[in-house]
Amino acid sequence: MAGKVRISPIRWIFLGLLVTGFIAIVGYIVWLQARAPKSPHQGTQSIYNQDTPLATMPDRLIIGLIQLRPEEIVKIPFIDGFESPIGADNGAMAYDAQPFGSPNPQRGGNHCGQDLNGIGGQNTDEGDPVRAAARGLVVYCGKPSPDWGNVVVLAHRIPGDARIIQTLYAHLKDINVAPGRLIPRGTKIGSIGTADGHYLAHLHFEMVASRCMEAGMPGYSPKGVMNRLDPEELMNHHPAPPHPDVYDSIRRLRIREAALQAPDNKPAAVPEGAIPVTPSQFL
């Protein structure tokens, strides 16, 4: 019979040291993680909103957590101007209950948007239509947190301005658009709501300069840094023309033109008096 194989004591000692070292390394990593301060970025989608007390805000402005995708950025259309998202085109029958930059005692800072109400007050404007303030690309529809309620975010470009401007519509009762859709100025995107009873009915409206998703993100910091813009100022600098947005009509013409392409991919003959429309962004 063959004798039993014996393991050298040195090997036992080596294996013991190896296991002990591994346990020590894992324990050290766990200890370091326990001591590390929590990042102010953690949980921002749910714990921060426009009414968050200033003392609980992070030291640095968080400009979104998710960047807009390249395929979204190239589709963002140029605006022909901004108009009021509620009331008449010029904002009649509506008022700004809490203007941009006004003191917000609830959080000890300044308001980062506008709270737009119908002139009846209380909940009389609940269910009134909310319309796109400018032609844009829908980049977000959803509920980032209970306090925000239903939110829609549109992305826009301003001619001669390299920034991407977002308009944010919060506390909506319902949503009538879907992400990825290009919509003309004045399109109904939803209706005025209460964020499921968190507030009296109103539209919280923001304008944001960002290439990141801003739904549910704070627009201020203790150091006063903001990427939120004054909606009234932007509307005054870029007023919408008095006529409806022709964007959707041009887009339908472009789709119709594409359908008329000849089988050899050569453009079909343009009827006399017709205006050829070719910009690819309308596809």
Side-chain angles (χ1 to χ4, degrees), residues 41 43-46 48-50 61-83 85 112-113 130-145 148-172 174-190 203-219 225-229 231 234-235 237-238 240 245-255 257-258 277-283:
H41 298 255
T44 51
Q45 284 289 86
S46 59
Y48 296 130
N49 59 63
Q50 75 274 10
L61 177 68
I62 305 169
I63 308 181
L65 297 179
I66 305 173
Q67 288 192 347
L68 297 178
R69 302 189 306 273
E71 56 268 30
E72 291 176 313
I73 291 176
V74 298
K75 290 174 63 178
I76 297 172
F78 287 94
I79 67 166
D80 63 346
F82 291 106
E83 65 185 28
C112 58
V130 175
R131 297 185 173 88
R135 74 173 63 126
L137 175 69
V138 182
V139 294
Y140 179 86
C141 295
K143 186 180 291 186
S145 74
W148 277 98
N150 289 317
V151 174
V152 170
V153 181
L154 308 181
H156 322 268
R157 293 183 186 273
I158 298 176
D161 191 327
R163 298 175 299 176
I164 289 176
I165 305 298
Q166 298 179 33
T167 51
L168 182 150
Y169 312 77
H171 312 335
L172 300 176
D174 49 35
I175 294 174
N176 298 112
V177 292
R181 181 180 171 191
L182 287 162
I183 60 174
R185 168 174 50 88
T187 300
K188 182 182 177 183
I189 62 173
L203 172 68
H204 178 78
F205 178 64
E206 296 184 7
M207 288 193 179
V208 191
S210 179
R211 288 175 174 260
C212 296
M213 177 50 57
E214 293 296 332
M217 303 306 299
V225 180
M226 294 187 69
N227 68 334
R228 264 49 177 178
L229 307 173
L234 234 64
M235 288 184 182
H237 285 155
H238 306 281
D245 190 358
V246 298
Y247 185 88
D248 201 38
S249 298
I250 295 176
R251 183 173 181 272
R252 286 197 301 268
L253 285 172
R254 182 67 186 93
I255 293 173
E257 182 194 62
V277 180
T278 58
S280 60
Q281 76 176 95
F282 294 109
L283 278 174

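Numbering starts at 1 and runs along the sequence shown. Basis for what follows: all heavy atoms, side chains included, without hydrogens, waters or symmetry-related copies.
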> Looking at CD of Q166 and CG of L68, how far apart are the two atoms once the value is rounded to the nearest 0.5 Å?
Replying inline: 5.5 Å
>> Please find the pair of heavy atoms, one from P184 and one from D245, that lie closest to each other, and give the distance.
In response: CA-OD2, 3.4 Å
> In Å, rounded to the nearest 0.5 Å, how long is the span from NZ of K188 to CD1 of I175?
Replying inline: 12.5 Å
>> If you compare all heavy atoms of A155 against all heavy atoms of I164, which two are closest, and at what distance to 0.1 Å?
In response: CB-CG2, 4.2 Å
>> I'd like to check R131 versus P85 (side-chain heavy atoms, cut-off strictly below 4.5 Å). Are they in contact?
In response: no
> Could you give the distance from CD1 (I165) to CD1 (I158), rounded to the nearest 0.5 Å?
Replying inline: 4.5 Å
> For H204 and W148, which heavy atoms make the closest approach, and how far apart are they?
Replying inline: CD2-CZ3, 3.7 Å
> What pair of heavy atoms forms the shortest contact from V138 to L154, and how long is it?
Replying inline: CG2-CD2, 3.5 Å
> Heavy atoms, side chains only, cut-off 4.5 Å: are D80 and P159 in contact?
Replying inline: no
> Are R157 and I73 side-chain neighbours, meaning at least one heavy-atom pair lies under 4.5 Å?
Replying inline: yes
> If you measure from OG1 on T167 to CD1 on I189, what distance do you get to the nearest 0.5 Å?
Replying inline: 7.0 Å
>> Please determine whether side-chain contact (heavy atoms from CB on, under 4.5 Å) holds for the pair D161 and H237, giving the CA-CA distance in whole Å, both sets of side-chain angles, and the decisive distance to 0.1 Å.
In response: CA-CA 12 Å; D161 191 327; H237 285 155; over 6 Å; no
>> Using every non-hydrogen atom in the two residues, find where G81 and A134 come nearest and quote the distance to one decimal.
In response: O-CB, 3.4 Å
> Checking H156 side chain against F78 main chain: does a donor-acceptor pair fall under 3.5 Å?
Replying inline: no
> Taking R135 for the side chain and V246 for the main chain, is one N or O donor matched with an acceptor at less than 3.5 Å?
Replying inline: no
> What is the distance from atom CG of N150 to atom CG of N176, rounded to the nearest 0.5 Å?
Replying inline: 10.5 Å
>> Whether the side chain of Y169 engages the backbone of A133 through a donor-acceptor N/O pair (distance < 3.5 Å, no angle test) should be reported.
In response: yes
>> Quick check for you: to the nearest 0.5 Å, what is the distance between M213 atom CE and R69 atom CZ?
In response: 9.0 Å
> When you look at R228 and E214, which way does the salt bridge (Lys or Arg N to Asp or Glu O under 4.0 Å) test go after all the steps?
Replying inline: CA-CA 10 Å; R228 264 49 177 178; E214 293 296 332; 3.0 Å; yes
> Just by distance, do the side chain of E83 and the backbone of R185 share a donor-acceptor pair under 3.5 Å?
Replying inline: no
> Which atom pair, heavy atoms only, marks the closest approach of L182 to P77?
Replying inline: CD2-CD, 3.7 Å
